[in-house]
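Take a look at the structure below.
Throughout, a chain's letter reflects where its sequence line sits, starting with A, and its residues are numbered from 1. Computed from a predicted model, the values in this text were never measured in an experiment.
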Amino acid sequence: LVSWNAVLAAYSQRGLLTEAKALFDRAPERDLITWTAMLSAYTQNSDLGNAKLVFDEMRERDAIAWNAMLHAYAQAGHLEYAKHVFDSMPERSVASWNSMITAFAQNDHLAEAKAVFDAMEQRDTISWTSMLTAFAQSGHLRDAKEMFDKIKDPDLVAWNAMLSAYAQNGCLDRALEMFHTIERGDSIAWNAMLSAYAQNGRLYEALALFCSLPERNVSSWNAILTGYASNGLWREAIDLFQAMKTVEMPNEISFVCVIIAASHLGDVDCGLGAFVSMRLDYCAKATKQHYCCVVDLLGRAGYVREAEELLQTMPFVPE
RNA sequence: UGCUGUCCGGGAC
């Protein structure tokens, strides 16, 4: 049972919903942990409906199961339901309170997030980090830093959160300071710093950092790609994408950047080629955003009729 | 072996 649960948890954490469900259905026996892992797998895939179904079918529920359901509602932006679960659950752990902080914060209810935080009788590093991020997201850098300073032994996530707080608010010097202070930074720290540079038009520094990294993942490449794209360096974006393809698997975001770049260069072949290759060669699914880009690509190049046709035939409802 | 924190790609408008 433990082995089955371990594999199910692995699927769930990687967002492999199909595999998780198949394993869940095949499992010879299921305990509370099995059910909770399945619930979380649905939450990971933004499938609130099925998460709720799993929760309803559970014959027993502990604090963790309740928290998982609370988080499912919070993720879906259903604050009222989240609050209701929070109020009606038999016992509340620090994780329950932490979930409420992010639930409010992510829905732009900073004051309520703070109220929850203040009402907590005990707080852990996650509580402080959640509040730090809540402040940072609404531009309250001083408050965010105050939270960070109150963490007795900040872990890498807390450091990264503060680094991102500076980076996202354009305080590149502060961000770099944090970046250098972090001893063993991970890819999240690198990429936060990368996109901070790239999004502020400091592409030279972004590239320098990019080249100096011990290793690069898709997000590192995408950070530079989007930096080029948002600074109008369309040609560079396409060139970088070509280089990227030789060493890294581009993802949906990479393709959006290329198609946008191609659109601005009027290079319909390049854009369409990327769009087709994305699905054929990389088995990536085209999102509404990709269709939006291709419509833009066609429209700009004067293929208005083709653009309209695509709008009619794409598997999404046009906005 | 299950729950919570480091959200975030452009364009068009």
Exercise. Could you tell me whether the side chain of N222(A) and the main chain of L225(A) form a donor-acceptor pair under 3.5 Å?
Key: no
Quiz item: Counting only non-hydrogen atoms, which of residues 5-19 of chain A are less than 4.0 Å from RNA chain B?
Solution: N5(A), A6(A), A9(A), Q13(A)
Quiz prompt | Protein-nucleotide distance (F255(A), atom CZ; G10(B), atom P), rounded to Å | solution = 19 Å
Exercise. Describe the nucleic acid contact of S127(A) in one word from base, sugar-phosphate, nothing, applying a heavy-atom distance below 4.0 Å.
Key: nothing
Exercise. Hey, could you give me each pair passing ring-ring contact (aromatic ring centres under 6.0 Å, His included) that has a residue in residues 19-61 of chain A? Not counting sequence neighbours.
Key: F24(A)-W35(A), F55(A)-W66(A)
Quiz item: Given G2(B), G11(B), U4(B), which nucleotide is nearest the side-chain atoms of C292(A)?
Solution: G11(B)
Quiz item: Nearest to the side chain of N67(A), which nucleotide is it out of U6(B), C3(B), U4(B)?
Solution: C3(B)
Quiz item: Counting any heavy atom closer than 4.0 Å, what does L32(A) reach on the DNA or RNA strands: base, sugar-phosphate only, or nothing?
Solution: base
Quiz prompt | Stepwise salt bridge (charged side-chain N to carboxylate O under 4.0 Å, His left out) check, R305(A) with E308(A) | solution = CA-CA 5 Å; R305(A) 186 163 302 272; E308(A) 283 177 352; 5.5 Å; no
Going by atom type alone, with no hydrogens or angles, which donor-acceptor pairs under 3.5 Å involve a side-chain atom of residues 257-266 of chain A and a protein atom two or more places apart or on another chain?
{"residue": "S263(A)", "atom": "OG", "partner": "D296(A)", "partner atom": "OD2", "Å": "2.9"}
{"residue": "S263(A)", "atom": "OG", "partner": "R300(A)", "partner atom": "NE", "Å": "3.3"}

Exercise. State yes or no: are the ring centers of F241(A) and W221(A) separated by less than 6.0 Å?
Key: no
Exercise. Could you tell me whether the side chain of D62(A) has a donor or acceptor atom within less than 3.5 Å of a complementary atom in the base of G2(B)?
Key: yes
Quiz prompt | For atom CG of D296(A) and atom C1' of C13(B), their distance in whole Å | solution = 12 Å
Exercise. Just compare C3(B), G10(B), G5(B) and give me whichever is closest to any side-chain atom of C293(A).
Key: G10(B)
Exercise. Check if the side chain of D155(A) and the base of G5(B) share a donor-acceptor pair of N or O atoms closer than 3.5 Å.
Key: yes
Practice problem: Mind jotting down which residue pairs meet the ring-ring contact (aromatic ring centres under 6.0 Å, His included) criterion with at least one end in residues 300-319 of chain A? Sequence neighbours excluded, please. | Solution: Y291(A)-F316(A)
Practice problem: Go through U4(B), A12(B), U1(B) for me and flag the one nearest to the R300(A) side chain. | Solution: A12(B)
Practice problem: Round to a whole Å and report the spacing from CD1 of I101(A) to C1' of C7(B). | Solution: 16 Å
Quiz item: Where the side chain of V2(A) is defined as all heavy atoms beyond and including C-beta, which of U1(B), C3(B), G5(B) is the nearest nucleotide?
Solution: U1(B)
Quiz item: Of the nucleotides U1(B), G5(B), U6(B), which one has an atom closest to the side chain of I33(A)?
Solution: U1(B)
Quiz item: If you look at every strand shown and take non-hydrogen atoms under 4.0 Å, does A95(A) touch a base, only sugar-phosphate, or nothing?
Solution: base
Quiz item: Across the strands shown, which category fits R92(A) at heavy-atom distances under 4.0 angstrom: base, sugar-phosphate, nothing?
Solution: nothing
Quiz prompt | Nearest-Å distance for atom pair CE/C1', residues M89(A) and C3(B) | solution = 9 Å
Exercise. Report which part of the nucleic acid T129(A) touches: base, sugar-phosphate, or nothing (heavy-atom distance under 4.0 Å, all strands).
Key: base
Quiz item: Below 3.5 Å, does any donor atom in the side chain of Q289(A) face an acceptor in the base of G10(B), or the other way round?
Solution: yes
Exercise. Scan N222(A) against the nucleic acid and name what it touches under 4.0 Å (heavy atoms): base, sugar-phosphate only, or nothing.
Key: nothing
Quiz prompt | Candidate nucleotides U4(B), U6(B), G2(B), ranked by approach to the side chain of T36(A) - the nearest | solution = G2(B)
Could you go through residues 187-195 of chain A and list every donor-acceptor pair under 3.5 Å that involves a side-chain atom there, pairing it with any protein atom two or more places apart or in another chain?
{"residue": "N191(A)", "atom": "OD1", "partner": "S220(A)", "partner atom": "OG", "Å": "2.9"}
{"residue": "N191(A)", "atom": "ND2", "partner": "S187(A)", "partner atom": "O", "Å": "3.1"}
{"residue": "N191(A)", "atom": "ND2", "partner": "N217(A)", "partner atom": "OD1", "Å": "3.2"}
{"residue": "S195(A)", "atom": "OG", "partner": "N191(A)", "partner atom": "O", "Å": "2.7"}
{"residue": "S195(A)", "atom": "OG", "partner": "A192(A)", "partner atom": "O", "Å": "3.4"}

Quiz prompt | Duplex segments of RNA chain B, taken as runs of at least three Watson-Crick or G-U pairs that stay under 3.5 Å | solution = none
